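What follows is a short report on a single structure.
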There are 2 protein chains.
Amino acid sequence: MAARQYDMGNAELEVLKTLWDKGPATVRQVLKHLHDGGRHVAYTTAQTLLTRLEQKGFVKSDKSDLAFVYRARLSRDRVTRSRLRTLLTQLYDGAAGPLVLQLIRTEEFTSDEIEELQKMIERLDGQPKRRKSQ
Amino acid sequence: MAARQYDMGNAELEVLKTLWDKGPATVRQVLKHLHDGGRHVAYTTAQTLLTRLEQKGFVKSDKSDLAFVYRARLSRDRVTRSRLRTLLTQLYDGAAGPLVLQLIRTEEFTSDEIEELQKMIERLDGQPKRRKSQ
DNA sequence: GACTTCCTCCGACGCATGTAGTAGGTCTGG
DNA sequence: CCAGACCTACTACATGCGTCGGAGGAAGTC
């Protein structure tokens, strides 16, 4: 049982992603977005998901208008970091190397990203090794 | 509900990882390894996990000796790919760039890995863009 | 003022998963 | 042959999560 920080199910994550993509939204708006994305769930399902996210502190709501408006309290980056860390730990005892190598091998990138990557690698190369706080 | 290929829980994955790390093993050996790693579960728990993994086709067992010996039918790489793909989809609609960039930014690498990375990037840079089969 | 519409609250259900107990078989040392 | 150790099969149970239905309140519409 590792330190499971931002723990949520896939449906919950998808709802959170909606908020990242579209900004603050009501249940109905989130639902609309989910429908547009091909996920056909009931209104109350979206509502439950949002409510659970709020219980976990990942979103917050405020009722200014007729309906509650929900907004993310958790950034996409934080979740990414957390999930990556989990993956790393579960599969490679925390070593990031194999993962990156595989990502680069199997995925594709825009030339901008490649350029960016190159710069980062060069920087890495020059720098002394950091030790992870973990 | 994306094409959830290699679907298993964390405990199951940990058991599978044991098989990757230690090679084919009996329930007792897996259990020992889990205990060594600080996960104190009962014998039957390990057994259940292995059984479920087998039902899903991720490991297979054969009884040559006194006890069943389990071995992975699924490589670490395949699971990695699958999980990464899920992450990518869930967080970035499939774009790999942001993920890699963040990985490189937040994790650390051995000089060998950096070198390897450099080579891969260079190769990427020269090549025409691949289109993902998926 | 009754109808329709939308919203929130609460309860519920089924399946996956983590965890484990128990019954009953087998082997091995005395 | 009997006890202790070890193995497998089966059952069970709590929790998390995805999914919703229904009750009941607020708001605009004739």
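Each chain gets a letter, A, B and so on, in the order the sequences are listed, and its residues count up from 1. Quick caveat: nothing in here was measured; it's all calculated off a predicted structure.
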Compare the minimum distances between each of D:dT8, D:dT19, C:dG18 and the side chain of A:Arg39, then state the nucleotide with the smallest one. D:dT19
For A:Ala67 and for B:Thr48, locate the closest nucleotide of DNA chain C by heavy-atom distance; then report the residue assigned to the nucleotide nearer the 5' terminus. A:Ala67
Without hydrogens or angle criteria, can the side chains of A:Tyr43 and A:Arg28 be said to hold a donor-acceptor pair below 3.5 Å? no
Ignoring the backbone of B:Leu49, work out which of C:dA20, C:dT19, C:dT8 is nearest its side chain. C:dT19
Remember a base hit wins even if backbone is also touched, and classify B:Tyr43 as base, sugar-phosphate or nothing at under 4.0 Å, heavy atoms. base
Report yes if a donor N or O on one partner sits less than 3.5 Å from an acceptor N or O on the other, where the partners are the side chain of B:Arg28 and the base of D:dT8; otherwise report no. no
On the nucleotide D:dG16, are OP1 or OP2 found under 4.0 Å from the side-chain N or O atoms that A:Lys56 carries? no
Any chance you could measure B:Arg85, atom CZ, to A:Leu103, atom CG, to the nearest 0.5 Å? 9.5 Å
Ignoring hydrogens and angles, are the base of D:dA9 and the side chain of B:Thr51 linked by a donor-acceptor pair under 3.5 Å? no
When only distance counts, do a donor and an acceptor, one from the side chain of A:Thr45 and one from the base of D:dG18, lie under 3.5 Å apart? no
Hey, does B:Gln47 reach any base, or is it just sugar-phosphate, or nothing, if we go heavy atoms under 4.0 Å? base
Out of C:dT8, C:dA20, C:dG18, whichever nucleotide has its closest atom nearest the side chain of B:Thr44: C:dA20
So, does the side chain of A:Arg52 form a donor-acceptor pair with the base of D:dG16 at under 3.5 Å? no
Side-chain atoms of B:Leu66 come closest, of C:dT8, D:dG18, C:dC27, to C:dC27
Look at the side chain of B:Ala42 and decide which nucleotide, out of D:dG18, C:dA20, D:dG21, has an atom nearest to it. C:dA20
